[in-house]
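Note sheet for the following structure.
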Protein chains: 2
Amino acid sequence: MQQRSEETQAQIIKSAIKLFATNGYTAASVDMICKDAGISKGAFYHHFESKQALFLALLDVWLVTIDKSIEASRENTVPETFLLITDAFPYIFKTANEGLPMFLEFWLQASRDEKIWQASITPYRRYHKYFTALIKKGVEEGSFVEVDPEVASRLIVSTAMGLLLQSLLDPKGAKWEQVARESATMLVNSLLKK
Amino acid sequence: MQQRSEETQAQIIKSAIKLFATNGYTAASVDMICKDAGISKGAFYHHFESKQALFLALLDVWLVTIDKSIEASRENTVPETFLLITDAFPYIFKTANEGLPMFLEFWLQASRDEKIWQASITPYRRYHKYFTALIKKGVEEGSFVEVDPEVASRLIVSTAMGLLLQSLLDPKGAKWEQVARESATMLVNSLLKK
DNA sequence: TAAAACAAACCGGCCAGTCGGTTTTATTTT
DNA sequence: AAAATAAAACCGACTGGCCGGTTTGTTTTA
């Protein structure tokens, strides 16, 4: 009464991530997801109230993943944290092709759907605050030059997002991993006190 | 035999931009576009072969606009060009809310549709080359420090895109115009030779 | 054996695209 | 200048198919 249920739910989520990313939220139909997951519509609507509810659940999965990786780097000093992020680039770019279209999908839906927007914007602002605090700490520690932490945070997040998006659009257009690493170096160099 | 035809076509494009941006490519139906444009479906399919063909035509309009603004800044020196772009920020952010969702839509469709991808990637690579050449010139002129123009170009484009996207998601979350200006200053400062 | 989990047929509505017919416009003929 | 013709522009009802969601009935599991 539990095991099978959990497996089914996990399978639905797995298929949904795949199909939303491939076809987009609108184009990926519930029928498609059911077929891919190897279950019936009855099972689907037993686990999720609606297509939108499934989408929101996916957002939750995504956010939990991010929270975990942030939690994992809490113990380090500020420059160490940035170094850790840089080191994670190969992994990030390897998984970007799967996760990123889904992320873009969240974005687009959020800009149109009030409910999804609310669910997206709260954690987004939380991450921004965390990053801002991190940079502020770095400035106070004396390892960073005197920058506006607010602005620097937006700048870094923007760059990361932009690089990922460009790599999504044109995966073979550049050695993205290397570009990202060098970009990060340039950015950090302009932040670090010499 | 011409005037009315042109007006109709222009009206279709105008409505399409509006509705694709608001509702997305899939959700914006041909019926909706026809109704908004005040024409019939027959007229629509007289002017455009398919929904996708209309989308491609929209992409063309967008690209022509970009080409024009690039052409307009051809005469200047490299630092001047960057300054010009910075000066354009208020205008860019003002128009971003209309144009940006449409841009995102292009992106998403391009990552899924081979034909649309082909139509997007060619001009994209052209812009990248232009920007790279610009920075290279700046380095050779001696106004920029010795950076890899390829990387710097990606970095700048990434930042611009990331900022615009963030402003799209959370328009009231920050003073984006100011953030963009300060980010640009930070970036250019790390590029300019002192 | 009762509740949870699932299957499958089913529904109203909307979708992109078609098609036969009508109106508008430009050109040619008278 | 008017009439005739041809072609482009347009209309809107219609189609087949798919969509999200419901319902009804069956299997699985605690």
Side-chain angles (χ1 to χ4, degrees), chain A residues 1-59 102 105-106 108-109 112-116 119, chain B residues 1-59 102 105-106 108-109 112-116 119:
Chain A
M1 212 191 218
Q2 253 184 13
Q3 183 133 342
R4 190 159 73 120
S5 176
E6 273 172 27
E7 275 170 20
T8 302
Q9 185 149 344
Q11 190 54 50
I12 292 175
I13 286 180
K14 192 180 159 190
S15 297
I17 289 176
K18 178 174 133 192
L19 291 171
F20 279 147
T22 319
N23 307 91
Y25 176 75
T26 323
S29 72
V30 175
D31 275 315
M32 269 169 90
I33 294 168
C34 290
K35 206 176 173 185
D36 188 273
I39 53 124
S40 72
K41 254 187 174 178
F44 180 95
Y45 279 96
H46 175 75
H47 286 282
F48 297 97
E49 209 178 75
S50 65
K51 194 187 178 185
Q52 201 204 51
L54 167 65
F55 191 74
L56 256 10
L58 256 42
L59 215 169
M102 193 60 225
E105 205 60 39
F106 284 135
L108 217 37
Q109 295 302 323
R112 293 186 183 117
D113 187 304
E114 176 63 25
K115 211 169 173 179
I116 294 175
Chain B
M1 212 193 211
Q2 255 184 14
Q3 182 130 344
R4 189 158 73 119
S5 176
E6 273 171 28
E7 273 170 21
T8 302
Q9 187 149 343
Q11 190 54 51
I12 291 175
I13 286 179
K14 192 180 158 190
S15 296
I17 289 175
K18 177 174 134 193
L19 292 170
F20 279 147
T22 319
N23 306 90
Y25 176 74
T26 323
S29 72
V30 175
D31 275 315
M32 269 169 89
I33 294 168
C34 291
K35 205 175 172 185
D36 188 274
I39 53 123
S40 73
K41 247 187 176 176
F44 179 94
Y45 280 96
H46 176 75
H47 287 282
F48 297 97
E49 210 177 73
S50 64
K51 196 185 176 186
Q52 202 205 51
L54 167 64
F55 191 75
L56 255 11
L58 255 43
L59 217 169
M102 194 60 223
E105 204 62 40
F106 283 136
L108 219 35
Q109 296 302 323
R112 293 195 254 268
D113 187 304
E114 176 64 26
K115 212 169 171 179
I116 293 174

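Each chain gets a letter, A, B and so on, in the order its sequence line appears, and its residues count up from 1. Note that the coordinates shown come from a computational prediction; the quantities given were computed from them, not determined experimentally.
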Detail all sub-3.5 Å separations between protein N/O atoms and N/O atoms belonging to nucleotides 22-24 of chain C.
none

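Rounding to the nearest 0.5 Å places CZ of A:Phe55 at 5.0 Å from CD1 of A:Ile116. One distance of note links CD of B:Gln109 with CG of B:Leu56; it measures 11.0 Å at 0.5 Å rounding.
To the nearest angstrom, P of D:dC10 lies 8 Å from CD1 of B:Ile12. When rounded to the nearest whole Å, the span between CD of B:Gln9 and P of D:dA9 equals 9 Å. Taking atom NZ on B:Lys51 and atom P on C:dG17, their separation rounds to 8 Å, with Å as the unit. Between B:Phe44 atom CZ and C:dT18 atom P there is a gap of 11 Å when expressed in whole angstrom units. In this structure, the CG atom of A:Asp31 is 13 Å from the P atom of C:dA8, given to the nearest Å. Atom CD1 of B:Ile33 is separated from atom C1' of C:dG17 by 13 Å (rounded to the nearest Å). With rounding to whole Å, B:Phe48 atom CZ is found 18 Å from C:dT18 atom C1'. Rounded to whole Å, atom C1' of D:dT29 lies 14 Å from atom CD of A:Glu7.
In terms of modelled atom types and a separation under 3.5 Å, the side chain of B:Lys51 and the main chain of B:Ala28 share a donor-acceptor contact.
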Listed pairs under 3.5 Å, donor-acceptor, residues 40-49 of chain A side chains, sequence neighbours left out:
| unit_1 | atom_1 | unit_2 | atom_2 | d |
| --- | --- | --- | --- | --- |
| A:Ser40 | OG | A:Gly42 | N | 3.4 |
| A:Ser40 | OG | A:Ala43 | N | 3.3 |
| A:His47 | ND1 | A:Gln9 | OE1 | 3.2 |

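Contact annotation: the side chain of B:Tyr25 never approaches that of B:Phe106 to less than 4.5 Å [non-hydrogen atoms, C-beta and beyond].
Shown here for A:Ala53 and A:Ser50, the closest heavy-atom pair between the two residues is N-OG, 3.1 Å. The minimum heavy-atom distance between A:Thr22 and B:Arg112, with the atom names listed, is O-CD, 2.7 Å.
Between A:His46 and C:dA5 there is a side-chain N or O to OP1 or OP2 distance below 4.0 Å. Contact annotation: A:Thr8 side-chain N/O to C:dC6 OP1/OP2 distance is under 4.0 Å. Regarding contacts with the backbone of C:dA16, every side-chain N or O of B:Ser50 stays at 4.0 angstrom or more from both OP1 and OP2. Applying the 4.0 Å criterion to OP1 and OP2 of C:dC6, one finds that A:His47 has a side-chain N or O inside that range.
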Query - Stepwise side-chain contact (heavy atoms from CB on, under 4.5 Å) test for B:Met102 and B:Leu58 - result: CA-CA 9 Å; B:Met102 194 60 223; B:Leu58 255 43; 3.8 Å; yes

Query raised in the report: side-chain contact (heavy atoms from CB on, under 4.5 Å) between A:Leu54 and A:Ile33: does it pass, once the steps are laid out?
Result: CA-CA 11 Å; A:Leu54 167 65; A:Ile33 294 168; 4.1 Å; yes

**Report entry** Nucleotide pairing, DNA chain C (Watson-Crick or G-U, distances under 3.5 Å), in dot-bracket with [ ] and |
**Finding:** ||||||||||||||||||||||||||||||

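Contact check of residues 34-43 of chain B against DNA chain D (heavy atom, cut-off under 4.0 Å) returns B:Ile39, B:Ser40, B:Lys41, B:Gly42, B:Ala43. Listed by residue number, the members of residues 14-30 of chain B with any heavy atom below 4.0 angstrom from DNA chain D form an empty set.
By the side chain to side chain donor-acceptor pair (under 3.5 Å) test, A:Lys18 pairs with A:Asp36, sequence neighbours left out. Every residue meeting the side chain to side chain donor-acceptor pair (under 3.5 Å) condition with B:Asp113, not counting sequence neighbours, appears here in chain and number order: B:Gln52.
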